[in-house]
Amino acid sequence: MIKYNLKFIYLVLILGMTLLIFGSINSKQNKIGDIRDGSRATPIHLIKLFDADSVQILKNDSLQIPLSTRYTCGECHSYDIINKGFHFNYADKNAIAGRRSEPYIYMDWQKLTVIPLSYREWKETFNPRQVGISPMKFLDLFGTHIPGGGVGEIDSLISPDELFRMEVSGKLEVNCFSCHDATREYDPAEYSSLVQKQNYKWSAVGATNLAVVNGNASKMPENFDIYTPTTYADIDTRTTSPPSINYDLTKFNSNNMVFFDLKRKAENERCYFCHSSVHADDNYLNQWKEEEDVHIAKGMNCVDCHRNGLDHQMVRGYRDEAADYQRPELKSFTCEGCHLGENTELGKAGKNGAPRPLHKGLPNIHFEKLECTVCHSGNLPSENVSFVKTSRAHKLGLHKSNKEPELFPHIQSTVFIRNENGRLEPSNIIYPSYWGIKNGDEIKPIPINEFYDSFNERIKLDTLLNYGKWLSINDSSLISVLKYLNESSGNKKNHVFVTGGKVFELDNGVLESTKEESADFYSWAIGHNVRPSLQSLGVNGCDDCHSFNSDFFFGNVLVESSVKSDSANYNSMTYYSDLNTVYQKAFSLTFLFRPWMKIMIIILVLIIIFVFIIYVSKGLLYVTDRGSALSSKEEGINNV
Amino acid sequence: MFRFIAIIVIIALIYSLFTEFKKKGILWNEIYARFKEGLRISIGHFNNPNKNDFLYKIRMGFYWFTIILVVILILTSFIPVVILGIHMSGILLLLHVIAALFFCFSFTVLVLLTAHNNRLLDSDLTNIEYRDKLYEKLSYWGIVFFSIPAIVSIVLMLYPIFGSEGIEFLNDTHRYSVLMLVIAATIHTYYMIINNKK
């Protein structure tokens, strides 16, 4: 009997354990906000707030603590899935890099340095670690336009040297509000400002209308503890103060719950803060003249195409994305997928009412050689490619941002570049400029923390006169700096200066320059603004591109060099398109005579048709004659 | 699809020519020598002093000039499209476009100068010995016939009348017409060689 009872108990225990394990897995995967019930209405977010220790924040707390998105939003949404999404996995080695995109551009104009950086290790970018940029330094430089996560949050990515400072600042968790806050009061510039002050854990909530954040964590000592005033007793509170938060207590209800106006589908304004670009052309100061992206003008939102699921893997919408991420369904989110695609199991064409283009008179080879964006995106080609300012590179949208149109770094757009598929695509380009150490064919930038104090003096730049313009150095100064750098390393290292697509180095004291691939420009494809058919390239006919002086083929791209003797060089667009200038000129000439050629060929073919009809008619006449003759047994005519 | 059909057609044509010429005892050297002579004629070098007729000279000149252009057109189009399986582009496209313009002109002149000689005669139909001549003439009219869609399809493509699908249809029309034209031209040349040999 006892034995029987034990068996029963074991059975119950095993069953219970199984249910517990599966139950916990299930609950981990499917939090209440992870799956929908099918209602298309937006759920009301009247929620409790939790701090970074997962303790609930109450309106009567004596010391107010910033909310943690990990625990507040993570209460209903699987935060650990979301923070591996595309916007947050930029520093994750295991994340798929995908097509290269806009890099983080490190710039120090006093040291003539412009370096494209990316943790994703896109070709021709440098990993921030390689140039001596620590995670916190990275956030200082670029955190203004990073919606949290990544190096600001993942423990394994945080530098041991910065552990204490990270304790002061807290973690820069994923800022869910940066995309999903639907109020007009959400202030991304305030978020950026808080990140710049290293108020990481305060930054997300500080940008909302729920709280006001003061103070500056970057000015606090490394032993700063918000609960222990003695740790910051020495701080001069006239100039700075410890970070603090003041919640708007009226927003708390009697259950200590707060209403957040959140939207699943982020509004365009949210995307624009990090994804704006503006050309430094005639329209720079005349925003009213600018055209909106045709999709937006038609009432669409960015996220109608750039969609994501719970995993926050944003659809980027480029041709090879499906292959890169091994998600075949992504094919239906490309230009072709919506406008030309077919209805398949993987997706439907005509999403959001996408019209099917006619492309009247456009030879099909264009679809093989060009991305759709060549004709429909970016600025129309001009004689000289213009500069473009982007949110991330030029800190657009921040408080007191620099409004100079030709602000550093100088990004040129639109340049037509041949991609890995052999198609042209409109791109932005930037020429790197940095001091490096050459070892064989490999050139590594000198880490920024290894620049010597006397460096600036040696470069001898008149920064006041050059402010706002690209700086350059003369040959003698360059020689002097390279000599100085080589001598500082005991002549064991070969220091070089990379700029304008060339590598400058000393050969027995003589300055030499060579063109090297590793010194060449960095480019990234652009997809917006999309122009409608009437504003597309080629709408005026073949001459839009195939004319003798076409800006599409022969526009000038500035090869920006920091060396005076090598500056003011221009490349023809064919250099970037990997085309032969002579051939393109010759081919364009054929279009000069094309109208005459068409008329001539029409006349000639009419003559052929006329001759053919005459003789075929005569042949038919003969056959009918011959048939009649045979039937009446008459002699046939000799000649037809 | 076109590529597959074109390869089969070309192989079949080459095979047929080889076997037929072998059967009839025609040497390739003779054909090559004739082609070389044609090249000279096309630039105005006439070997035969008895043939001083101006129209004859014009006809022969245009005939060989057209053949050279056809060879250029075939090489510049078949190499990328049939052999490599890609669209025509680059220098081959440039050559093709230029050669096509001259081809249209010289072919039209040739049609005007040779159409009457290729009219059907009673003897072609009644006399069994003239059967090869009949085939030569029929293939001639086949060349003329297929040249019309081959040229018209391309001219239509140059105007913004048709969309992508229409252009693809015109492209296919051009390709298949040219393939038929090549078949007709090969048959015509074959019978011309046979008839000349007679």
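Within every chain, numbering begins at 1; the chains are lettered A, B, ... in the order of the sequence lines, protein sequences first and strands thereafter.
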Looking at every heavy atom in both [X] and [Y], which two are closest together, and how far apart are they?
{"X": "B:Ser89", "Y": "A:Tyr583", "value": "C-OH, 4.4 Å"}
{"X": "A:Met597", "Y": "B:Leu158", "value": "CE-CD1, 4.1 Å"}
{"X": "B:Ser147", "Y": "A:Ile608", "value": "OG-CG2, 3.9 Å"}

Review point. Which answer fits A:Leu362, side chain, backbone, both or neither, if we ask what part of it has an atom under 4.5 Å from a heavy atom of chain B?
Key: backbone
Practice item. Examine whether an atom of A:Phe610 lies under 4.5 Å from a heavy atom of chain B, and if so say whether it belongs to the side chain, the backbone or both; otherwise answer neither. Key: neither
In terms of heavy-atom contacts, does [atom1] of [X] have more than 12 from other residues, nucleotides or ligands at under 6.0 Å?
{"X": "B:Ile8", "atom1": "CD1", "result": "yes"}
{"X": "B:Glu20", "atom1": "CD", "result": "yes"}
{"X": "B:Phe169", "atom1": "CZ", "result": "no"}
{"X": "A:Phe367", "atom1": "CZ", "result": "yes"}

Practice item. Fit a plane to each ring of B:His116 and A:Tyr615, take the angle between them on a 0 to 90° scale, and name the class: parallel (under 30°), tilted (30 to 60°) or perpendicular (over 60°). Key: perpendicular
A side-chain contact here means heavy atoms from C-beta on lying under 4.5 Å apart; do [X] and [Y] qualify?
{"X": "A:Phe587", "Y": "B:Leu93", "value": "yes"}
{"X": "A:Val611", "Y": "B:Val144", "value": "no"}
{"X": "A:His359", "Y": "B:Ile167", "value": "no"}
{"X": "B:Cys104", "Y": "A:Val605", "value": "no"}

Check your understanding: Taking B:Ile86, B:Val155, B:Leu101 one by one, which has the highest count of heavy-atom pairs under 4.5 Å against chain A?
Key -> B:Leu101
Review point. For chain A, which of B:Ala115, B:Ser164, B:Gly166, B:Ala100 has the most heavy-atom pairs under 4.5 Å?
Key: B:Ser164
Check your understanding: Between B:Ile161 and chain A, which part of the residue has a heavy atom less than 4.5 Å away: side chain, backbone, both or neither?
Key -> backbone
Revision key, fill the gap. The interface call for B:Tyr159 against chain A, heavy-atom contacts under 4.5 Å, is both
**Study point:** Top contributor to chain B contacts, counting heavy-atom pairs under 4.5 Å, from A:Lys369, A:Lys598, A:Met600
**Key:** A:Lys598
Revision key, fill the gap. Which of B:Thr108, B:Ile151, B:Val152 passes side chain to side chain contact (heavy atoms under 4.5 Å, CB included) with A:Ile601? Answer is B:Ile151
Review point. Could you give the distance from CZ (B:Phe145) to CD1 (A:Ile609), rounded to the nearest 0.5 Å?
Key: 10.5 Å
Review point. Distance from B:Ile148 atom CD1 to A:Phe612 atom CZ, nearest 0.5 Å?
Key: 5.5 Å
